[in-house]
Protein chains: 2
Amino acid sequence: MPTICKFEKALEILTGKWKPVILLRLFANGTMRFSEIQKAIPDINKKMLAQQLKELEHNDIVHREVYSQVPPKVEYSITAYGHSLHPVLQTLNDWGEGHVEHMSRLHGEETSTEAVDRPQTPVRKA
Amino acid sequence: MPTICKFEKALEILTGKWKPVILLRLFANGTMRFSEIQKAIPDINKKMLAQQLKELEHNDIVHREVYSQVPPKVEYSITAYGHSLHPVLQTLNDWGEGHVEHMSRLHGEETSTEAVDRPQTPVRKA
DNA sequence: CTGCATCCTCAATGATACTG
DNA sequence: CAGTATCATTGAGGATGCAG
């Protein structure tokens, strides 16, 4: 059980199609209701949002506060422990920033930086 | 295009089922032949290895040195730029280390830390 | 030895409807 | 409003064979 495991474990937390966006939103806004997050991230659907939040909650990154009232109200926020992620996010973001520049320098000046990766597995088309 | 993009871009590099292992191997061993990496990571297959290496190469993280000889010989190594990833990996790993402990403290003392995540979508079985 | 092409599998993602 | 349950989709991941 080398270093890999820890490393991969850490990645598991940040990975997932919506984790990053959700996390950033919560880091920025502090506390948000379920519907607020949904509005903030139009392309996500309830199932995914709930699912990802659940995972983040399980990892003690996000806190879930339920208000027993009608209509229901649930607020999400970054836990104390979750804030320990901040430096990690920062590092990742800083490197990412330099990286996009590095890429444009290397390859074309495409501002899109899109469809450049993962060329393989050409999608079994009809 | 807020911070997310850079952040996610960075994640893209590290993510992928085999990127972490491959990266760590290369960081540790310096230079390895295709077959060496394969032997070092028994569970990976040629296609995946080639694919992930290609992506890493495209991102200028890994260097590919081809020796035009028979039989063919190709060596992979971390590029100069690729080494800029080291602090990122370090940060991630450090946080991951603390995280596994935090998890065991929170939930059970399960050394497995397995099947605890992602409870949803119960696998559509026959 | 390397690596691409093909075909296949399945887990993650998504759309939708229903419930407290 | 905040979920859960179901069913459908898709694309990353994998097995295998051919080719340089």
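Numbered from 1 within each chain, the chains take letters A, B, ... in sequence-line order.
A donor-acceptor contact under 3.5 angstrom links the side chains of His63(A) and Glu65(A), judged on distance only. In this structure, a donor-acceptor pair under 3.5 Å is present between the side chains of Gln90(A) and Asp94(A).
Qualifying ring pair (Phe, Tyr, Trp, His ring centres under 6.0 Å) partners for Trp18(B), counting only residues two or more places apart in sequence or in other chains: none. For the side chain to side chain contact (heavy atoms under 4.5 Å, CB included) test, residues two or more places apart in sequence or in another chain that qualify with Asn45(A) are Lys47(A), Met48(A).
Taking atom CE of Met48(A) as the reference point, atom P of dA12(C) lies 10 Å away to the nearest angstrom. Per the geometry, CG belonging to Leu53(A) stands 17 Å off P belonging to dC1(D), to the nearest Å. Across the protein-nucleic acid pair, Lys54(B) atom NZ and dT2(C) atom C1' stand 12 Å apart, rounded to whole Å. Atom pair Ile37(A):CD1 and dG3(D):P shows a separation of 9 Å (rounding to whole Å applied). Atom NZ in Lys73(B) sits about 11 Å away from atom C1' in dC1(C), given to the nearest Å. Separating the CD atom of Glu12(A) from the C1' atom of dA12(C) is a distance of 14 Å, rounded to the nearest angstrom. Across the protein-nucleic acid pair, Gln51(A) atom CD and dT4(D) atom P stand 10 Å apart, rounded to whole Å. Distance, Gln52(A) CD to dA11(C) C1': 13 Å, rounded to whole Å.
Each of dC1(D), dC1(C), dA2(D) was ranked by its minimum atom distance to the side chain of Arg64(A); first place goes to dA2(D). Here the nucleotide nearest the side chain of Arg33(B), chosen from dG14(D), dG14(C), dC1(C), is dC1(C). In the set dG13(D), dC1(D), dT2(C), the nucleotide with an atom closest to the side chain of Ser35(A) is dC1(D).
Using a 4.0 Å cut-off, no side-chain N or O of Gln38(B) falls inside it from OP1 or OP2 of dC1(C). Not one side-chain nitrogen or oxygen of Trp18(B) sits closer than 4.0 Å to the OP1 or OP2 atom of dA12(D). Residue Tyr76(A) places at least one side-chain N or O under 4.0 Å from the OP1 or OP2 atom of dG3(D).
Ring geometry, His58(B) versus His107(A): the interplanar angle falls under 30°, so the pair is classed parallel (tilted spans 30 to 60°). Between Tyr81(A) and His102(B), the ring planes lie parallel to each other; the angle is under 30°, not in the 30° to 60° tilted range.
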For nucleotides 15-17 of chain D, give me every protein contact, N/O to N/O, under 3.5 Å, one pair per line with atom names.
residue: dA15(D); atom: OP2; partner: Asn45(B); partner atom: ND2; Å: 3.2

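Counting non-hydrogen atoms under 4.0 angstrom, Tyr67(B) reaches nothing in the nucleic acid.
Between Pro72(A) and Pro72(B), the residue anchored closer to the 5' end of DNA chain C is Pro72(B), taking for each the nucleotide with the nearest heavy atom.
Trp95(B) places a side-chain heavy atom less than 4.5 Å from the side chain of Ile13(A).
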